[in-house]
Amino acid sequence: MQALTSAVLAAFVAYVGAWYFGMVEGNFALLLFLASIITGAYWLAERFVFLPQRQRAAAELEVQTLKRNEELGKLGISKVDDNLTEAKHRLLAQPWWLDWTAGLFPVIIGVFILRSFLFEPFKIPSGSMIPTLLVGDLILVNKFEYGLRLPVLNTKVTAGTPPQRGDVMVFRYPPKPSLDYIKRVVGVPGDEVAYLNKRLSINGKAVPTDTLPEFFDEDTMRYFKQFEEDMGTAKHRLLNDDSRPAFVPGADEFQFKQNCQYSVEGVMCKVPEGHYFMMGDNRDNSLDSRYWGFVPEKNIVGKAFFVWMNFGNLKRIGPFN
């Protein structure tokens, strides 16, 4: 078992190393699932096989030691340095290969359940959601708001609440589902979304927008026009860059692209059933549904709702709109 465990642990380390250096495309959900299965098997084996074996060996050692001491006592030898307690402790101790498997199972299964069905942490890697979310924000995503899903398979098992306009949602990037993206829900199934001349309309009605003081982006050292948009659930801020054109350059080919009409003013799209139209709050610096299409319901990961840490700015901690 020691050799087998060494091989298993080496395989995990090799996979993580290859993932870190970009040699393979990693899947953390799958890795955590396999780790839970493997460590769980070791935990069961420890509980019902290995531990009872060690306990029997310790009990047998105690019986043999007592019998030996009794025989020595008959010979008049009363003081015997047998170190029984220490010997039993060594026999009952878990070997290293069980410490690194069965010993880690409670932690791994706890993380697996928490991450798969309750809350999952994410790090904001880009500025597409500025000013709502900044680069470096560490956020929590509610995994049950939109319905529980089986880990790895992402199959929905409970109904949950459908995503609403204005929600900040994490989803699997449609062109490459192994990547997680975060954007704001702008259009729900059946909506007609229009983003023309940098103003948003839904079903023919302009989304109420108020002008705010300009936003200073510390990363680019520039000021951007800032607005407050009201989609009915909660108001949120957005940015516009006057140096960027209103039209959408270089839109990809995607499913249901025939539902969209592109022009020099922007884009109009009819959201198909079972899909969502997503946009970043940094409107002129976001690759979103305008470029790569609609997000199918099966790609939903969860609803983002809380910044739990930003090591560069502790004031960022807290809920966000």
Side-chain angles (χ1 to χ4, degrees), residues 19-20 26-32 110-149 151-152 154 156 160-174 176-186 188 215-220 224 226 228-231 233-239 276-283 285-289 292 295-321:
W19 182 6
Y20 179 80
N27 186 325
F28 186 73
L30 178 60
L31 182 67
L32 194 59
V111 172
F112 176 72
I113 292 174
L114 179 67
R115 183 185 183 275
S116 300
F117 302 109
L118 298 176
F119 305 105
E120 183 174 358
F122 286 89
K123 181 178 181 180
I124 302 300
S126 71
S128 69
M129 285 298 292
I130 295 174
T132 304
L133 294 170
L134 305 183
V135 176
D137 281 348
L138 301 175
I139 66 169
L140 286 178
V141 173
N142 184 316
K143 298 295 289 288
F144 55 86
E145 175 84 7
Y146 301 140
L148 291 177
R149 296 171 184 270
V152 183
N154 207 41
K156 193 172 181 179
T161 303
Q164 304 296 311
R165 299 187 202 98
D167 288 356
V168 178
M169 189 169 78
V170 173
F171 54 93
R172 297 182 177 183
Y173 180 45
K176 192 176 182 180
S178 60
L179 297 179
D180 291 319
Y181 265 37
I182 182 168
K183 306 289 180 186
R184 190 177 296 277
V185 179
V186 170
V188 299
F215 177 86
F216 180 69
D217 186 353
E218 295 182 357
D219 291 333
T220 61
F224 294 95
Q226 183 176 206
E228 186 176 66
E229 205 170 56
D230 185 359
M231 289 190 184
T233 54
K235 294 181 179 180
H236 60 270
R237 294 179 297 153
L238 61 91
L239 302 182
Y276 297 87
F277 193 90
M278 314 296 297
M279 292 181 70
D281 290 346
N282 195 351
R283 292 285 164 83
N285 292 279
S286 173
L287 289 175
D288 47 40
S289 288
W292 41 254
V295 174
E297 196 274 339
K298 65 180 181 180
N299 283 39
I300 292 175
V301 173
K303 180 180 180 180
F305 70 101
F306 194 85
V307 176
W308 65 270
M309 179 56 71
N310 184 312
F311 292 103
N313 184 359
L314 296 181
K315 293 181 180 180
R316 294 287 303 156
I317 298 174
F320 58 85
N321 291 329

Can you see which heavy atom on Ala304 is nearest to which on Ile139, and at what distance?
CB-CD1, 3.9 Å
Residues in salt bridge (Lys or Arg N to Asp or Glu O under 4.0 Å) contact with Lys315, at least two apart in sequence or another chain:
none
Is any side-chain heavy atom of Phe311 closer than 4.5 Å to one of Leu138?
yes
Could you check if a side-chain atom of Lys123 sits within less than 4.5 angstrom of a side-chain atom of Asp137, using non-hydrogen atoms only?
no
Does Ser178 offer a backbone N or O that forms a donor-acceptor pair with the side chain of Asn27 under 3.5 Å?
no
Got a donor-acceptor contact below 3.5 angstrom from the Gln164 side chain to the Pro162 backbone?
yes
Derivation and outcome, side chain to side chain contact (heavy atoms under 4.5 Å, CB included), residues Ile130 and Phe215:
CA-CA 10 Å; Ile130 295 174; Phe215 177 86; 3.5 Å; yes
To check you understand the geometry: which heavy-atom pair defines the closest contact between Met278 and Ser289, and what is its length?
N-OG, 2.8 Å
For Met231 and Val185: C-alpha separation, side-chain torsions, deciding distance, then whether side chain to side chain contact (heavy atoms under 4.5 Å, CB included) applies.
CA-CA 10 Å; Met231 289 190 184; Val185 179; over 6 Å; no
Assign the ring pair Phe119 / Phe305 to parallel, tilted or perpendicular, where the plane angle (0 to 90°) is split at 30° and 60°.
tilted
If I take atom CG from residue Asp219 and atom CG from residue Leu134, how far apart are they, to the nearest 0.5 angstrom?
8.0 Å
Does Met309 reach the side chain of Leu314, with side-chain heavy atoms less than 4.5 Å apart?
yes
Specify the closest pair of heavy atoms between Pro163 and Tyr276, including all atoms of both residues, with the distance to one decimal.
CD-OH, 3.2 Å
Distance check, rounded to the nearest 0.5 Å: Glu120 atom CD versus Lys143 atom NZ?
4.0 Å
Worked verdict on Ile182 versus Phe122 for side chain to side chain contact (heavy atoms under 4.5 Å, CB included)
CA-CA 10 Å; Ile182 182 168; Phe122 286 89; over 6 Å; no
Please determine whether a side-chain nitrogen of the Lys or Arg among Arg184 and Glu229 lies less than 4.0 Å from a carboxylate oxygen of the Asp or Glu.
no
Closest contact, heavy atoms only, Arg115 versus Leu32:
CD-CD2, 3.9 Å
In Å and rounded to the nearest 0.5 Å, what is the CZ to CG distance from Phe224 to Leu238?
13.0 Å
If you round to the nearest 0.5 Å, how far is CE of Met129 from CZ of Arg237?
11.0 Å
Classify the ring geometry of Trp292 against Tyr181: parallel below 30°, tilted from 30° to 60°, perpendicular beyond 60°.
perpendicular
Test side chain to side chain contact (heavy atoms under 4.5 Å, CB included) on His236 and Phe320 and set out the steps.
CA-CA 9 Å; His236 60 270; Phe320 58 85; over 6 Å; no
Measure from the side-chain N and O atoms of Asp288 to the backbone N and O of Gly280, and report whether any donor-acceptor pair falls under 3.5 Å.
yes
Look at the side chain of Ser286 and the backbone N and O of Asn282, then say whether any donor-acceptor pair between them is shorter than 3.5 Å.
no
Taking atom CD1 of Ile300 and atom CZ of Arg172, what is their separation to the nearest 0.5 Å?
11.5 Å
Rounded to the nearest 0.5 Å, how far does CZ of Phe216 lie from CD of Gln226?
13.5 Å
With distance as the sole test, does Lys303 use its side chain to make a donor-acceptor pair with the main-chain N or O of Tyr146 at under 3.5 Å?
no
Could you report the tightest heavy-atom contact between Leu140 and Trp308, atom names first, then the distance?
CG-CD1, 3.6 Å
Whether over 12 other heavy atoms sit under 6.0 Å from Lys156 NZ:
yes
What heavy-atom pair brings Phe117 and Pro151 nearest, and what distance separates the two atoms?
CZ-CD, 3.7 Å
For Asn313 and Asn310, indicate whether the former's side chain and the latter's backbone hold a donor-acceptor pair under 3.5 Å.
no
